[in-house]
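Each chain gets a letter, A, B and so on, in the order its sequence line appears, and its residues count up from 1.
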Amino acid sequence: MKVDELPVDERIKRVIRGRGIEELYPPQAEALKSGVLEGKNLVLAIPTASGKTLVSEIVMVNKLLSEGGKAVYLVPLKALAEEKYREFKEWEVLGLRVAATTGDYDSTDEWLGRYDIIVATAEKFDSLLRHGVSWIKDVKLVVADEVHLIGSYDRGATLEMILTHMLGKAQILALSATVGNAEELAEWLDASLVVSDWRPVELRKGVFHLGQLFWEDGKIDRYPENWESLAVDAVKKGKQALVFVNTRRGAEKEAISLSSKVSKLLTKPETRRLEELISSIEDNPTTEKLKRALRGGVAFHHAGLSRTERTLIEDAFRSRTVKVIVATPTLAAGVNTPAFRVIIRDTKRYANFGWIDIPVLEIQQMMGRAGRPKYDKVGEAIIVARTEDPKKLIDKYIHGKPEKLFSMLANEQTFRSQVLALITNFGVEDFRELIEFLSRTFYAHQRGDTSSLEYKAKDIVYFLIENEFIDMDIENRFIALPFGKRTSQLYIDPLTAKKFKDAFPAIERNPNPFGIFQLLASTPDMATLTARRREMEDYLDLAYEMEEHLYSNIPYYEDSRFQGFLGQVKTAKVLLDWINEVPEARIYETYNIDPGDLYRVLELADWLMYSLIELYKLFEPKEDVLQYLRDLHLRLRHGVREELLELVKLPNIGRRRARALYNAGFRSVDDILKAKPKDLLQVEGIGLKILEGIYRHLGVEYTISEKEKPKKRKGNLYDFLK
DNA sequence: TCTCCGGACTTTTAGACAGCATGTC
DNA sequence: CTAAAAGTCCGGAGA
């Protein structure tokens, strides 16, 4: 189908042709002929990179241009929100406004009302729904990207609930990877279904075993026995490779090992670009290994890296500076990083109870990264059989069908939170209405019988009543209580809120960082670190040493919570070090964690600390305790001791600069105001830009003069420099 | 007596959403 | 119920 023939607004065609697209891919054409353009719901199940985004863009923009209102585009990751936001920005030439909103920024909900296309994570949109944002009623279209995540254990229920809320109120376009039961999903959503495995770049799949590469078409190629030769070979051909492994350690090891082989194939300019890249990376034990690998044009990519480094690597890969990335599954579902050859080293993964086969769906997503549109005619996806029987791998992953999707609504943790939200934020008045809502979910559609779900819901309702989240009047109608409503809006697990509430008296008696941090770490919303075997004794000792500061009892060795508790103690200790200004590098070493892990813990602790304070406010707070908690929150956010709190409020002053200022004798804003700029500039980390920002923040008059400007003006920064 | 090596035994293991008010080194 | 690689410990051989 030609772009010209599209039954959509001319302006849309112009923009598309502006991208150099004249002809639509067959599945795109099929999708657009399915009735979506006339407002019908659609489930589009086609491989990654086969043009789902363009379909959704056409549907969104066409709808907005003809009907007005808003379109919401849901993604599973913050990084993807960013990526889609940049892509959709292009449509602003037609007068549409695009915004992205995630937990990271732009939470002023009403402000979003000025935009036409809103990209959001599913959880963020759920949160917006809970806050009852006024513009939700203008949403005419919801695009749910990666909708197969409805089957994910911990996050699927959220997506399912959002779609249930919006079903019938807005048009729904669900974009999915190929799954075993797409038709079931389509039936639930009352949608047309377009399924296809067509790809713009041909995909060749194969299994590698002891030097033999068995292609799906029966051809066999021969290579050196070590699978690494597959990656090296790709680079020799002037291409790139993406290797998937199942552990961080594996990613690092293989990256360094491949690096020494790939380095020989690099050109001078490539080596220079890599050196440039390396010099821009911060130093710590993890990046030290990364830099070693990068010298040979190879990188590893896993959640232990900070966001900055991950993005850096992804960009460098796209620009072909980096030839090979060895990644854990972070990259499989993340931002778009296609490569000529994808090598899957592991098909098993450790998951709580032991090793499991990675689902076909996920392996197919990894394989789907093979082939760069516009650059490659064909992409190659190769599974390495190391110990596994190659025949089994071919049957399961190459010829096999992906798994069916199953509703995860019944997952206790999410369900608890969702039931609360239904009552406190979505006006569900009684049990009958609750059941009525649940009957419209995918769970109900799929299982038919909702009696076990109802039973669970009933249990949760009793839990919520018992803990004063909600109440029930004599006619058995639900009453939302402030504690419940706030819990739901803070987006924390009711169990977390209950733990907080129970701890308030103890906190009032003995407010202290360690006790509070252990409390935060003990909630289900915190991803705690794990205490390693050899560390266990140390943390147990620490717990006993700090026993009087804790708000809970130390469990016995036999207790099932014992292991978890030690992890909480470790997490609390890390947070304690953080607010005592222990340098990051030392934290990484002492606790054997990566930058990404610390970042994650801090991010969660920050959010939970805020929530703790917000909930405390509801229970006749004592002013001094409240102030104590607020200060601790600030210390947590900035990683500083109490004495730096004042300085850290200044723009661009974090834990390092604040400490430098303090140690140089500038201990307060007052000191800074009285000081000569010249002296302040002596302080490590304080340059012109920073000082300028501080003065602007404090409302001090100043101007940065060019060299030719007169140097005598009052308040001129350069006056003081002399 | 010290060092090195190998085998037996032990330990470890992917990822990442949410609030709110503005800016880390 | 299912694995595999790295780390640790210990004893024995050799210097």
Task: Paired stretches of DNA chain B - 3 or more consecutive Watson-Crick or G-U pairs, each distance under 3.5 Å - done: B:1-13 with C:3-15
Task: side-chain N/O A:Lys649 vs B:dG23 OP1/OP2, d < 4.0 Å - done: no
TODO: Find the distance A:Ile363:CD1 to B:dA14:P and express it as a whole number of Å.
DONE: 16 Å
TODO: Tell me what A:Arg486 touches on the nucleic acid: a base, only sugar-phosphate, or nothing, going by heavy atoms under 4.0 Å.
DONE: sugar-phosphate
Task: Inter-nucleotide P distance (B:dA14, C:dA6), Å rounded - done: 14 Å
Task: A:Arg600 side chain, from C-beta outward: closest of B:dA14, B:dA18, B:dG23 - done: B:dA18
Open item on the list: Can you tell me if A:Tyr491 is stacked onto the base of B:dG19, using a 5.5 Å centroid cut-off and an angle below 30°?
Closed with: no
Open item on the list: Going 5' to 3' along DNA chain C, which are the first and last nucleotides with any atom under 4.0 Å from a heavy atom of chain A?
Closed with: C:dT2 to C:dT8
Task: Length of the CG-P vector between A:Leu80 and B:dA16, whole Å - done: 11 Å
Task: Residue A:Thr328, side-chain heavy atoms: nucleotide from B:dA18, B:dG15, B:dC17 that is nearest - done: B:dG15
- [ ] State which residues pass side chain to side chain donor-acceptor pair (under 3.5 Å) with A:Lys617; sequence neighbours excluded, sorted by chain then number.
- [x] A:Glu614
TODO: Answer yes if the ring centres of A:Tyr616 and A:Phe500 are under 6.0 angstrom apart, and no otherwise.
DONE: no
Open item on the list: Considering every strand and a 4.0 Å limit on heavy-atom distances, what is the contact class for A:Gln489: base, sugar-phosphate, or nothing?
Closed with: sugar-phosphate
- [ ] Kindly point out which of B:dC17, B:dA14, B:dG19 is positioned nearest to the side chain of A:Trp607?
- [x] B:dG19
Task: Nucleotide nearest A:Arg532 when distance is taken to its side chain, options B:dG19, B:dT12, B:dC17 - done: B:dT12
- [ ] Would you indicate which nucleotide in B:dT12, B:dA18, B:dG19 comes nearest to any side-chain atom of A:Thr102?
- [x] B:dA18
Open item on the list: Let's see if you can work this out: which of B:dA18, B:dG19, B:dA16 has an atom nearest to the side-chain heavy atoms of A:Thr121?
Closed with: B:dA18
Task: Closest nucleotide among B:dA16, B:dT13, B:dA14 to the A:Tyr350 side chain - done: B:dT13
